[in-house]
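The structure under discussion appears below in the form of structure tokens.
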Amino acid sequence: MDGGSAPREARARVARLLWIAAYLALAGSALSLLLVGAVPRGRALAVEIAAGLGYVALALLSLQLALGARARRVVNALGLDAVLLFHRQAGLWTAAFVAGHVVLLAVAEPWYVAYLLDPSASAPHALALAVALMGLLLLVLVPRQLTRLRIPYEAWRGGHGLLAVAVVGIALWHVLTLGRSCATPAKQAAVAALVAVPAAVLVASHLLRPLMALRRPWRVAEVRRERDRVWTLVLEAVGHDGLRFRPGQSVWLTLGRSPFSPRQHPFTVASSAASPRRVELTIKELGDFTRAIGQTPVGTRAYLAGPYGAFALDLRAPRALVCIAGGIGVTPMMSMIRTLHDRGDRRPVLLVYASGAVDQIVFAQELDDLARAMDLRVVHVIESPPPGWTGGEGGLIGRELLDRHLTDRYEGAEVFVCGPEPMMNVVERALRDRAVPGGRVHAEHFVLVGSRPPGRRSMREQHVRVLSAGVALILLVAVLLVAALRAAPAGVASPH
């Protein structure tokens with residue numbers, strides 16, 4: 001490992017740990033409020049645990065708003081795919097904390113739960129809590145069935161966001177007006193501030209960011225057909241210096257006169273980072289939005305939010321580069337290769353590129369030209385090659401194929417992997433078996449909401465699931481400790 005890249009990798013690991021620690025601190029900060037001030041006497045341990053679960057659930061709900069807002073500092077430290085995966089897993093644990101809060105109260109104080117849900121006692125309270133519980137259930141379940149339910153992405157995204165804000169608002173109102181451990185103005189102000197911070201991130205994402213984008217518009221200068229159902233949008237900056245990004249990063253694209261449009265979609269930049277005023281997005285027709293991407297009129301106004309992602313080549317570290325791509329997953333690799341070419345970078349580059357058929361290879365001619373102009377070796381892997389084809393490998397990318405091409409020349413290389421989920425799973429396991437250090441393997445998994453393909457979970461998803469479970473366990477232990485400190489000897493519960 002070169003001396004310059006080691007400190008950068010160490011700083012990146014520290015940044016990730018700091019963000020995780022900040023998340024834990026914010027999620028657990030609500031518990032500290034339970035230790036401030038007078039402690040109600042005579043409440044059962046189950047009630048104290050329920051109170052702690054409720055406070056943590058409110059903090060987790062508010063943090064979900066911030067995660068969904070795609071804060072650039074967080075995304076660029078952890079990776080957009082990791083943030084989205086954690087957001088989904090955190091939603092499950094948040095629902096579990098809410099369920100634990102309700103169930104424990106129902107068991108320990110059924111009269112209190114009956115009072116809260118009794119329309120005759122307080123119809124607004126009962127209706128709001130019922131809406132919040134049903135809304136939380138929808139927030140957790142609908143994304144997993146989005147494709148089966150045939151809900152358009154834009155409709156789901158807008159409805160999901162509005163419902164999440166409503167649930168957080170009702171939860172905050174519930175704690176401020178009915179929470180028996182939040183009776184003082186100081187505690188109420190602290191709880192409101194706890195929710196206000198993530199809410200501010202959400203406002204910045206959906207209001208301030210589009211307002212800033214109005215001053216940095218783009219124009220569709222060209223719509224180029226690459227292959228069947230694959231198009232490249234060429235965007236030119238209008239009146240500004242363009243987009244500064246690292247090769248491999250992505251942006252959110254909005255087409256039309258207004259950056260406030262709900263039709264925002266993420267795409268990886270395919271063009272060279274050396275040309276910030278001319279950004280190219282190569283897009284395959286897959287869903288509602290992309291199906292008509294080839295019919296985008298030249299001259300259409302566009303807006304870009306970003307850049308996003310930790311899946312990016314560090315141009316300051318002159319290591320060899322290995323890119324393993326499948327299908328349209330080659331787009332971030334093209335940005336890396338084009339950037340190295342434009343900078344005159346002579347590092348050795350290996351591209352292992354899987355396609356279903358020869359006529360499905362995107363950028364075929366340009367890759368041939370680049371291979372002659374720089375130290376680039378391209379290995380095409382064709383799943384169904386025609387008889388007599390000698391342009392590369394046949395079949396699928398696997399360990400044996402990688403062993404043939406990852407020669408000593410690429411020892412110590414940075415490895416980037418992007419493509420269909422099953423291919424990435426195979427490649428990541430093969431690299432792990434080859435003892436390639438995890439810090440040098442960069443993989444980005446973009447699985448559309450509700451459309452997970454069959455197969456084993458990726459290593460990234462396994463890590464995120466373990467991380468989210470660890471965070472939930474730490475918070476649960478903290479709840480139990482706080483409840484034990486607050487619990488009084490068994491007696492008559494304090495009145496509402």
Side-chain angles (χ1 to χ4, degrees), residues 80 221-235 242-251 253 266-286 290 293 304 306-309 311-315 320-356 358-382 391-392 397 413-420 423-424 427 442-444 446:
L80 182 56
E222 181 185 353
V223 181
R224 184 172 66 242
R225 183 178 181 274
E226 301 290 353
R227 287 291 182 187
D228 183 38
R229 300 175 58 222
V230 178
W231 303 83
T232 292
L233 289 189
V234 181
L235 307 175
L243 178 75
R244 302 289 176 178
F245 65 96
R246 295 167 61 197
Q249 290 187 302
S250 59
V251 295
L253 169 69
F267 298 105
T268 302
V269 179
S271 52
S272 169
S275 302
R277 289 181 52 85
R278 184 179 174 89
V279 169
E280 297 187 7
L281 307 176
T282 299
I283 303 166
K284 184 175 182 179
E285 298 176 11
L286 290 173
T290 58
I293 201 70
L304 298 179
Y308 290 101
F311 186 85
L313 177 63
D314 188 348
L315 297 171
L321 173 63
V322 172
C323 299
I324 305 173
I328 200 63
V330 74
T331 53
M333 319 307 190
M334 285 302 299
S335 179
M336 297 176 190
I337 294 170
R338 286 166 166 168
T339 301
L340 293 178
H341 171 263
D342 291 349
R343 289 167 56 93
D345 195 306
R346 298 301 301 174
R347 74 182 71 188
V349 181
L350 170 66
L351 171 62
V352 181
Y353 180 17
S355 304
V358 175
D359 61 0
Q360 294 177 5
I361 300 174
V362 187
F363 309 118
Q365 184 58 55
E366 182 180 0
L367 284 171
D368 288 344
D369 296 340
L370 288 168
R372 289 189 289 269
M374 55 188 295
D375 192 355
L376 167 66
R377 180 166 175 256
V378 181
V379 178
H380 289 291
V381 182
I382 306 301
I397 295 179
E414 293 288 331
V415 183
F416 290 83
V417 188
C418 188
M423 183 210 82
M424 295 185 68
V427 170
H442 313 275
E444 195 150 53
F446 282 108

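For R278 (side chain) and V234 (main-chain N/O), no donor-acceptor pair under 3.5 Å exists by modelled atom type. At least one donor-acceptor pair closer than 3.5 Å links the side chain of R338 to the backbone N or O of A270.
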> After noting the C-alpha distance and the side-chain angles of V330 and T282, does the key distance pass the side chain to side chain contact (heavy atoms under 4.5 Å, CB included) rule?
Replying inline: CA-CA 10 Å; V330 74; T282 299; over 6 Å; no
> Can you check side chain to side chain contact (heavy atoms under 4.5 Å, CB included) on L367 and Y353, steps first, answer last?
Replying inline: CA-CA 11 Å; L367 284 171; Y353 180 17; 4.0 Å; yes
>> L340 vs L315, test: side chain to side chain contact (heavy atoms under 4.5 Å, CB included). Steps then yes/no.
In response: CA-CA 8 Å; L340 293 178; L315 297 171; 3.9 Å; yes
>> Using side chain to side chain contact (heavy atoms under 4.5 Å, CB included), reason through L313 and T339 one step at a time and then give a plain yes or no.
In response: CA-CA 10 Å; L313 177 63; T339 301; over 6 Å; no
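Annotation for T268 and G248: closest pair CG2-O, 3.8 Å, computed over non-hydrogen atoms. Taking all atoms of both residues into account, the shortest heavy-atom contact from M333 to A325 is CG-CB, 3.9 Å. Looking at every heavy atom in both residues, G309 comes nearest to Q249 through O-NE2, 3.0 Å. The shortest non-hydrogen separation linking A354 to M423 is CB-SD, 4.5 Å. Taking every heavy atom of both residues into account, S355 and Q360 meet most closely at OG-O, 4.2 Å. Residues F245 and P307 approach most closely at CB-CB, 3.7 Å, considering heavy atoms.
Screening I324, V378, L370 against L351 for a side chain to side chain contact (heavy atoms under 4.5 Å, CB included) leaves a single residue, V378. The only option from T331, T232, V251 that meets the side chain to side chain contact (heavy atoms under 4.5 Å, CB included) definition with L281 turns out to be V251.
Atoms CG and NZ, on D228 and K284 in that order, are 9.0 Å from each other to the nearest 0.5 Å. To the nearest 0.5 Å, atoms CE (M336) and CG (L321) are separated by 6.5 Å. Expressed to the nearest 0.5 Å, how far CG of D342 lies from CE of M374 amounts to 9.0 Å. Atom CD of E280 sits about 7.0 Å away from atom CD of E222, to the nearest 0.5 Å. Atom SG of C323 sits about 10.0 Å away from atom CE of M334, to the nearest 0.5 Å.
Scored by the salt bridge (charged side-chain N to carboxylate O under 4.0 Å, His left out) test, E226 finds R224 as partners (sequence neighbours excluded). Take R246 and apply the salt bridge (charged side-chain N to carboxylate O under 4.0 Å, His left out) test, not counting sequence neighbours, and it matches no residue.
Looking at heavy atoms from C-beta onward, L304 lies in side-chain contact with L253 at the 4.5 angstrom threshold. Side-chain contact check for W231 versus E285: some heavy-atom pair is nearer than 4.5 Å.
Note on R347 versus D345: salt bridge recorded, some NZ/NE/NH1/NH2 to OD/OE distance being below 4.0 Å.
A distance of 6.0 Å or more separates the ring centres of H442 and F311.
Screening residues 367-378 for side chain to side chain donor-acceptor pair (under 3.5 Å), with sequence neighbours left out, gives Q365-D369, D369-R372, D375-R409, R377-H405.
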